Number of protein chains: 2
Amino acid sequence: MHLEEVLAENELRVTRPRRLVWDILRSSNDHLTAQAIADAVHTQDASINVSSVYRALTLFSELGIARESKFGEDGSRWEPAHSDEMIHLVCEKCGTVDHHGGQVVTRLRDHLASDHGFVSSNVNVVVNGTCSNCSAQ
Amino acid sequence: MHLEEVLAENELRVTRPRRLVWDILRSSNDHLTAQAIADAVHTQDASINVSSVYRALTLFSELGIARESKFGEDGSRWEPAHSDEMIHLVCEKCGTVDHHGGQVVTRLRDHLASDHGFVSSNVNVVVNGTCSNCSAQ
DNA sequence: GTATATGCAAACAATTTGCACAATC
DNA sequence: GATTGTGCAAATTGTTTGCATATAC
């Protein structure tokens with residue numbers, strides 16, 4: 001997916017802050033906080049402000065190309081919007097956040113729609129627990 | 001479940017703030033924000049401070065009798081910890097938050113444990129979308 | 001009576017906003 | 001060149017904390 005296109009389609013401009021935020025979002029497979037993104041942006045261009053990072057993230061979310069999840073400490077986490085929704089597995093021991101897409105979410109959506117008439121636009125699953133690594137010890 | 005017992009078991013004291021916060025949590029079937037709880041507490045005893053509300057909620061969560069969920073605006077939401085975990089259905093049109101317990105969560109936990117070795121302690125599912133009422137219009 | 005909890009006010013942290021200037025199209 | 005986006009600094013909002021006092025046991 002090209003940022004340029006999405007922005008152009010909506011008559012929005014391609015700016016350096018937006019470019020950098022997007023590249024960082026895409027290249028990381030973690031769920032980054034706005035602050036972490038801002039820090040990463042900063043290593044490439046120290047003149048870019050946190051508020052621009054927030055504005056970019058909010059915009060991307062409205063455009064449907066990024067998603068916000070709330071879990072853990074330190075505020076919201078951000079990730080590029082994948083076509084299949086993600087389950088976040090947060091290990092309480094080592095702190096690792098793993099993701100895990102798949103049919104579980106799809107089945108949940110189907111179930112809610114058919115049996116409860118609830119049409120879901122956005123599913124957010126956060127599971128706290130102990131990952132297999134830490135269980136083994 | 002009696003607050004008294006749980007507190008006594010842990011050699012903690014039954015105080016007016018804790019009593020009121022607990023009663024409000026139990027009597028509401030909404031997911032209340034700390035502020036909403038503080039407001040409700042205030043109608044009964046205006047001398048009770050927000051910080052005591054936060055302290056009570058944090059304590060209840062540590063004791064396993066309350067649960068924190070992060071969704072929507074205005075910070076975390078709180079509810080009494082039910083034996084079966086809840087799915088939160090947040091309607092984007094009317095703002096209603098419905099809950100919906102059941103096997104979906106249980107099945108998810110089983111799946112994660114058996115197929116991925118992830119032992120879940122706490123599952124939090126937030127689904128945004130349109131409720132049946134609003135879809136009908 | 002003693003330890004634990006509280007109220008208060010101040011500190012913190014995440015996020016938002018108004019505005020003059022800068023950069024994109 | 002017009003308009004949209006940015007940096008900055010200040011405002012907001014949710015939450016936490018240190019400390020002297022009050023309260024439950």
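This is a predicted model, so every value here is computed, not measured. Just so it is clear, the values below take in all heavy atoms, side chains as well, and ignore hydrogens, waters and symmetry mates.
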Can you tell me the distance, in whole Å, between the [atom1] atom of [X] and the [atom2] atom of [N]?
{"X": "A:L7", "N": "C:dA23", "atom1": "CG", "atom2": "P", "value": "19 Å"}
{"X": "A:R55", "N": "C:dT24", "atom1": "CZ", "atom2": "C1'", "value": "16 Å"}
{"X": "B:F60", "N": "C:dA5", "atom1": "CZ", "atom2": "P", "value": "11 Å"}
{"X": "A:W78", "N": "C:dA14", "atom1": "CH2", "atom2": "P", "value": "15 Å"}
{"X": "A:E4", "N": "C:dC25", "atom1": "CD", "atom2": "C1'", "value": "14 Å"}
{"X": "B:E62", "N": "C:dT4", "atom1": "CD", "atom2": "C1'", "value": "15 Å"}
{"X": "B:K70", "N": "C:dA13", "atom1": "NZ", "atom2": "C1'", "value": "12 Å"}

Donor-acceptor contacts, no H, no angles, side chain residues 31-39 of chain A, under 3.5 Å, sequence neighbours left out:
unit_1	atom_1	unit_2	atom_2	d
A:H31	NE2	A:E79	OE1	3.3
A:H31	NE2	A:H88	ND1	3.0
A:T33	OG1	A:A36	N	3.0

Open item on the list: Test side-chain contact (heavy atoms from CB on, under 4.5 Å) on A:V97 and A:L89; report intermediate values, then the result.
Closed with: CA-CA 5 Å; A:V97 180; A:L89 303 178; over 6 Å; no
Open item on the list: Quick check against the 3.5 Å criterion: does A:T43 have a side-chain atom that pairs as donor or acceptor with the backbone of A:A40?
Closed with: yes
Nearest 0.5 angstrom please: [X] [atom1] to [Y] [atom2], how far?
{"X": "B:R26", "Y": "B:I65", "atom1": "CZ", "atom2": "CD1", "answer": "8.5 Å"}
{"X": "A:N128", "Y": "B:F118", "atom1": "CG", "atom2": "CZ", "answer": "7.0 Å"}
{"X": "B:D98", "Y": "B:C94", "atom1": "CG", "atom2": "SG", "answer": "9.5 Å"}
{"X": "A:R67", "Y": "A:L57", "atom1": "CZ", "atom2": "CG", "answer": "14.0 Å"}

Task: Proximity to DNA chain C (any heavy atom under 4.0 Å), residues of residues 33-49 of chain A only - done: A:A34
- [ ] Specify the residues of residues 11-21 of chain A, ordered by number, for which at least one heavy atom lies under 4.0 angstrom from an atom of DNA chain C.
- [x] A:R13, A:V14
TODO: For A:E73 and for B:A56, find the nucleotide of DNA chain C with the closest heavy atom, then tell me which residue's nucleotide is more 5'.
DONE: B:A56
Task: Closest-nucleotide 5' rank along DNA chain D - winner of A:L59 and A:S51 - done: A:L59
TODO: Evaluate side-chain contact (heavy atoms from CB on, under 4.5 Å) for A:L7 paired with A:L63, printing each intermediate quantity in order.
DONE: CA-CA 9 Å; A:L7 290 176; A:L63 295 174; 4.0 Å; yes
Open item on the list: For a 4.5 angstrom cut-off between non-hydrogen side-chain atoms, does B:E92 reach A:S121?
Closed with: yes
Open item on the list: Report for the helix from C:dG1-D:dC25 to C:dA14-D:dT12: angle between first-end and last-end helix axes, five pairs each, rounded to 10 degrees.
Closed with: 20°
Task: Opening and closing nucleotides of DNA chain D in contact with chain B, under 4.0 Å to non-hydrogen atoms - done: D:dG14 to D:dC25
Open item on the list: Under the rule for ring pair (Phe, Tyr, Trp, His ring centres under 6.0 Å), what residues qualify as partners of B:H42, not counting sequence neighbours?
Closed with: none
TODO: Work out which heavy atom in A:G64 is nearest to a heavy atom in A:A81; give both atom names and the distance.
DONE: O-CB, 3.5 Å
- [ ] Return yes if a side-chain donor-acceptor contact under 3.5 Å exists between A:R55 and A:S51, otherwise no.
- [x] yes
Task: Residues A:N124, B:N124; criterion side-chain contact (heavy atoms from CB on, under 4.5 Å); working and verdict - done: CA-CA 8 Å; A:N124 220 315; B:N124 219 314; over 6 Å; no
- [ ] Take B:W78 and B:S61, measure what side-chain contact (heavy atoms from CB on, under 4.5 Å) needs, and give me the verdict at the end.
- [x] CA-CA 9 Å; B:W78 295 85; B:S61 154; 3.8 Å; yes
